[in-house]
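Worksheet: the structure to be examined is printed underneath.
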Amino acid sequence: VEPLRLSAAMTGVHVNLWAVLAGSGSVSGASDLFFKVDARKLDKVLELKATSQYSRLGASQSTVVNSTVLLGDIDADGIAEIVVEKKSLEESQGKRAVRSDIPAVYKLAGGQYQAHGTVPASEIAARAHDLKRLARSRFVRVVTSAEAAAVTKN
């Protein structure tokens, strides 16, 4: 959980939620949730699903998706935008494929953040000093019971 300043008058919270979806951690993923903080409650303003994913099928095939989530007022309107840069790596039988999506921009409209197109990666790089990189978990390896027993024994 991470506090945010969405505008001069609006405070928010970012939650990066990671879950192991299969017993050994061979399938896991994360989503990012954003809330506006009011005096008495939290109001969800954006949910970014599957911003990180990990899956392994045997020894020869795996997929890793990882996103960089940035916050900043890139259009100078006094309200922070959320920018998501998603990258993926797929390995299959010794072959590797890497893909980078064009960064997606989310703007606050009507009390909710909404997709507002993309922005060139070069523009994000040029504004890097003005953007806050939000904390995120990467793939979380789950220790098997046999490994835990061996560690406890030692």
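Taking 4.5 Å as the limit, some side-chain heavy atom of V37 sits within range of a side-chain heavy atom of L42. In this structure, N66 and K87 have side chains that are not in contact, with every pair of non-hydrogen atoms separated by 4.5 Å or more. In this structure the side chain of F34 never reaches within 4.5 angstrom of the side chain of L6, judged on heavy atoms. Side chains of R56 and Q61 form no contact here, defined as non-hydrogen atoms less than 4.5 Å apart. Within the 4.5 Å cutoff, the side chain of P103 has heavy atoms near those of the I124 side chain. When side chains are defined from C-beta on, V65 does not count as touching Y54, because their heavy atoms never get closer than 4.5 Å.
Under a hydrophobic clustering in which Ile, Leu, Val, Met, Phe, Trp and Tyr are joined whenever their side-chain heavy atoms come within less than 4.5 Å, directly or via other members, L33 and Y113 fall into different clusters. Hydrophobic clustering (ILVMFWY, side-chain heavy atoms < 4.5 Å, transitive): L71 and V13 are in distinct clusters. Hydrophobic clustering (side-chain heavy atoms under 4.5 Å, transitive across Ile, Leu, Val, Met, Phe, Trp, Tyr) keeps V84 apart from L131.
For the pair S31 (side chain) and A50 (backbone), a donor-acceptor distance under 3.5 Å is present. No donor-acceptor distance shorter than 3.5 angstrom exists from the side chain of D38 to the backbone of K41, with no hydrogens or angles considered. When atom types are taken as modelled, the side chain of S7 and the backbone of M10 share a donor-acceptor pair closer than 3.5 angstrom. Side-chain atoms of E81 come within 3.5 Å of backbone N or O of I74 as a donor-acceptor pair.
Distance check, rounded to the nearest 0.5 Å: CG of N16 to OG of S52 gives 6.5 Å. A distance of 13.5 Å separates NZ in K36 from CG in L46, rounded to the nearest 0.5 Å. Note that the CD atom of Q53 and the CH2 atom of W18 stand 8.5 Å from one another [nearest 0.5 Å]. Note: D73 CG to D75 CG = 5.5 Å, rounded to the nearest 0.5 Å.
The closest side-chain donor-acceptor pair between R136 and T51 falls under 3.5 angstrom.
In this structure, I102 places its CD1 atom where only 12 or fewer heavy-atom neighbours from other residues, nucleotides or ligands lie under 6.0 Å away.
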Show the numbers, then the answer: is there a salt bridge (charged side-chain N to carboxylate O under 4.0 Å, His left out) between R127 and E123? CA-CA 6 Å; R127 297 174 183 267; E123 186 175 332; 3.4 Å; yes

Could you walk me through whether K132 and E2 pass the salt bridge (charged side-chain N to carboxylate O under 4.0 Å, His left out) check? CA-CA 12 Å; K132 176 181 180 176; E2 178 177 20; 3.6 Å; yes

Passes side chain to side chain contact (heavy atoms under 4.5 Å, CB included), T11 versus R5? Steps please. CA-CA 5 Å; T11 302; R5 176 65 58 197; 3.2 Å; yes

Assess whether side chain to side chain contact (heavy atoms under 4.5 Å, CB included) is satisfied between F35 and V15, documenting all intermediate values. CA-CA 8 Å; F35 298 90; V15 177; 4.1 Å; yes

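Here E85 does not pair with R133 in a salt bridge; the nearest charged N to carboxylate O distance is not below 4.0 Å. Taking a cutoff of 4.0 Å between a charged side-chain nitrogen and a carboxylate oxygen, R99 and D101 qualify as a salt bridge.
Taking each heavy atom of K49 and K86 in turn, the nearest pair found is O-NZ, 4.4 Å.
Here the options are L17, V69, L134, I82, the test is side chain to side chain contact (heavy atoms under 4.5 Å, CB included), and the partner is D32; only V69 passes.
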